Amino acid sequence: MSADDKKKPIPSSLSEVETYMKNRVGLGDSFDFGVRKLKILKKEVHFYYVNGLCDTSIIVQIIKEIVGINNREKLSTQLQAIVENRIVHQSIQPVQTLDEIVDQVLSGLIAILVDGEEKALIVDVRSYPGRQPQEPDTEKVVRGSRDGYVENIIVNTALTRRRIRDERLRFEMLKVGERSKTDVALGYIKDVANPELIKVIKKELEAIDIDGITMADKTIEEFLVKQGYNPYPLVRYTERADVAATHLLEGHVLIYVDTSPSVIITPTTFFHHLQHAEEYRQSPGVGTMVRWIRFLGVAASVVLLPLWYLFVQDPGLLPDYLSFIGPSKESNIPILLQLFLADIGIEFLRMAAIHTPTPLSTAMGLIAAVLIGQIAIDVGLFGAEVILYVAVAAIGTYATPSYELSVANKIGRIFLLAAAAIFKVPGFMVGVVLWILFLASIKCLNTPYLWPFLPFSPKACLQILVRRAVPGSRIRPSIVHSRNRVRQPAKS
């Protein structure tokens with residue numbers, strides 16, 4: 001669309017507007033795009049709408065009030081002002097161009113035009129189809145709120161405002177996608193978030209040039225951080241409103257994308273992906289224990305299989321009291337191939353679980369445990385220890401709070417396993433060093449990925465290792481470069 005089309009003013013003749021809608025939007029061709037024509041004080045008044053995106057009950061009430069003008073008002077040259085005053089709704093916005101009308105109506109709002117006027121009234125009567133807020137499957141907690149984000153950006157921002165009733169909380173709305181025109185909101189607390197970070201993110205969002213972002217937040221992420229083929233996540237996703245609100249108060253900037261139930265948190269580090277709401281729903285001592293166990297599970301998901309394979313290759317590396325580790329009998333299939341096959345088999349089961357209907361998931365679990373697992377051992381396809389350690393590594397993967405990080409760690413595990421198989425102990429050691437150096441080299445939105453360990457920050461490291469009590473967490477994390485480092489409000 002040319003710039004002239006975007007700035008085309010609204011003609012005073014409603015017949016010209018109707019012709020534009022027929023040619024441009026498909027009025028009369030698309031069954032869901034319609035117009036309601038009324039005669040008010042001997043003038044034409046048109047309502048443009050999209051079925052399925054509007055709350056019909058509100059529109060009916062507005063039409064009743066406007067039709068009632070014929071019975072209560074005399075002929076007037078100020079009909080549009082009268083109509084505007086009669087609209088029983090709190091959200092009314094005048095627009096001056098046809099493109100604004102099209103964008104708003106296709107977003108679920110209605111446009112009201114009066115013959116002879118070069119201005120339209122936009123009324124927000126959106127009622128998007130979708131589900132009610134419920135607890136996210138990927139971020140469950142034993143105790144805590146059960147409401148989570150949904151596919152409606154209006155509901156998502158409302159869930160956040162319910163938790164942060166601060167007048168400085170901002171949600172800046174943008175539209176991304178030449179054809180999709182998807183609503184994207186930038187969320188931050190004005191006197192806390194780093195203004196330079198807000199400026200950079202806003203600039204990147206406005207620079208996105210694509211026809212549509214039907215994959216919603218993931219597409220936004222790829223434009224924002226320019227990740228390429230780096231498997232490690234550079235932003236964090238959450239579907240929990242309490243987690244999002246916590247990060248806003250820390251000084252992070254959030255990106256809400258309509259049609260997506262998850263919110264993008266920026267900036268983030270490797271260790272942001274290892275935190276879970278469950279740690280903060282328990283006492284600090286219990287939360288610390290849960291965190292350490294999670295760290296252990298994540299470490300096992302990366303290094304357990306390569307380390308065990310080293311011991312299989314060279315049993316002399318083991319002390320005498322651990323000499324039982326390793327296969328007790330020879331196998332027809334090389335151990336390395338067994339590890340790769342078993343790991344791929346676990347991935348098969350994960351993908352099958354995603355695509356299997358819930359009523360059949362139990363049956364699939366039995367097939368995986370009995371037929372694939374035990375029978376594969378009995379026929380000699382896999383060794384029992386191979387299944388054991390692959391299963392433990394898989395459990396560590398599932399214990400990782402961030403799904404994106406768990407998949408990236410699986411790629412890292414394959415790399416370390418290959419290095420250990422080819423170069424043995426030196427290969428494993430060099431592989432671990434290269435893996436750490438690779439993570440240390442990552443920098444997104446001016447944020448070092450391994451902060452606070454690289455660069456080292458003792459106080460921040462302590463907060464990573466130990467879940468501190470909330471009254472003791474008086475300072476916001478320095479990595480976000482917040483404008484106000486102190487969390488407690490100043491006393492008057």
Side-chain angles (χ1 to χ4, degrees), residues 128-164 171 182-187 213-221 232-250 252-266 268-282 286-287 290-291 293-294 297-298 301 350-359 361 394-410 467:
Y128 292 152
R131 57 192 174 91
Q132 292 298 310
Q134 58 190 20
E135 186 176 22
D137 289 333
T138 56
E139 297 178 87
K140 289 181 179 291
V141 292
V142 176
R143 297 190 185 279
S145 62
R146 298 289 186 246
D147 60 340
Y149 289 135
V150 294
E151 290 75 13
N152 189 329
I153 192 172
I154 304 300
V155 174
N156 293 345
T157 54
L159 287 173
T160 307
R161 278 207 182 271
R162 186 180 178 189
R163 287 167 168 81
I164 304 179
F171 290 111
T182 307
D183 290 326
V184 177
L186 207 60
I213 53 170
T214 51
M215 291 296 108
D217 47 7
K218 185 58 185 175
T219 306
I220 292 291
E221 177 198 346
Y232 279 88
L234 304 182
V235 298
R236 183 184 176 186
Y237 291 95
T238 184
E239 295 183 37
R240 294 189 62 90
D242 50 1
V243 172
T246 299
H247 282 83
L248 281 172
L249 292 172
E250 287 182 354
H252 292 263
V253 177
L254 273 56
I255 301 174
Y256 297 74
V257 184
D258 196 27
T259 73
S260 174
S262 52
V263 166
I264 297 175
I265 301 173
T266 62
T268 54
T269 67
F270 181 85
F271 298 100
H272 279 100
H273 296 275
L274 300 182
Q275 297 179 7
H276 192 271
E278 180 67 23
E279 300 164 11
Y280 295 91
R281 290 293 182 175
Q282 305 290 343
V286 175
V290 170
R291 183 174 293 183
I293 293 174
R294 181 173 290 114
V298 174
S301 71
R350 183 190 67 81
M351 289 188 288
I354 294 174
H355 303 305
T356 302
T358 303
S361 58
I395 292 172
T397 298
Y398 298 142
T400 307
S402 167
Y403 172 74
E404 292 79 14
L405 180 62
S406 68
V407 176
N409 281 341
K410 184 173 294 187
R467 198 290 241 183

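No experiment lies behind these values; they were computed from the predicted model shown.
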Find out whether V142 and R281 are in side-chain contact, i.e. whether some heavy atom of one side chain is under 4.5 Å from a heavy atom of the other. no
Any non-hydrogen side-chain atom of T160 less than 4.5 Å from a side-chain atom of V263? no
Can you sort out the partners of R163 under salt bridge (Lys or Arg N to Asp or Glu O under 4.0 Å), two or more places apart, ordered by chain and number? D147
By ring pair (Phe, Tyr, Trp, His ring centres under 6.0 Å), which residues pair with H252, not counting sequence neighbours? H247, H272
For S262, all residues meeting side-chain hydrogen bond (donor to acceptor under 3.5 Å, both in side chains), sequence neighbours excluded: D217, S260
Which residues pass the side-chain hydrogen bond (donor to acceptor under 3.5 Å, both in side chains) test with Y280, not counting sequence neighbours? R291
According to side chain to side chain contact (heavy atoms under 4.5 Å, CB included), who are the partners of Q134, at least two apart in sequence or on a separate chain? R131
Can you check side-chain contact (heavy atoms from CB on, under 4.5 Å) on I220 and T182, steps first, answer last? CA-CA 11 Å; I220 292 291; T182 307; over 6 Å; no
List the residues meeting side chain to side chain contact (heavy atoms under 4.5 Å, CB included) with A277, not counting sequence neighbours, and say none if there are none. V141, R240, V243
Please identify each residue that fulfils side chain to side chain contact (heavy atoms under 4.5 Å, CB included) with L405, with sequence neighbours left out. Y232, P233, F270, H273, L274, T400, S402, N409
R350 meets the side-chain hydrogen bond (donor to acceptor under 3.5 Å, both in side chains) criterion, sequence neighbours left out, with E347, Y403
Check ring pair (Phe, Tyr, Trp, His ring centres under 6.0 Å) between Y237 and all other residues, then give those that pass, not counting sequence neighbours. none
So CG of D137 and CD of E139: to nearest 0.5 Å the spacing works out to 10.5 Å
Residues that R294 engages under salt bridge (Lys or Arg N to Asp or Glu O under 4.0 Å), provided they are two or more places apart: E279
Report the residue from T266, V235, V257, I255 that forms a side-chain contact (heavy atoms from CB on, under 4.5 Å) with E221. V235
Spacing of CD1 belonging to I164 relative to CG belonging to D242, to within rounding of 0.5 Å: 10.5 Å
What distance do N152 atom CG and T157 atom OG1 have between them, rounded to the nearest 0.5 Å? 8.0 Å
For the pair R162 (side chain) and A241 (backbone), establish whether a donor and an acceptor sit closer than 3.5 Å, ignoring hydrogens and angles. no
Correct closest heavy-atom pair for V155 and P133 would be CG1-CG, 4.0 Å
Taking side chain to side chain contact (heavy atoms under 4.5 Å, CB included) as the definition, give me every residue that meets it alongside L234, ordered by chain and number, with sequence neighbours left out. V225, Q227, N230, I442, C444, Y449
Roughly how far, to the nearest 0.5 Å, is the CD1 atom of I213 from the OG1 atom of T259? 7.0 Å
OG1 of T268 to CD of Q275, rounded to nearest 0.5 Å, is 10.5 Å
For Y149, what residues pass the ring pair (Phe, Tyr, Trp, His ring centres under 6.0 Å) criterion, not counting sequence neighbours? Y256
Quick one: pull up CZ in R236 and CD in E404 and give me the separation to the nearest 0.5 Å. 10.5 Å
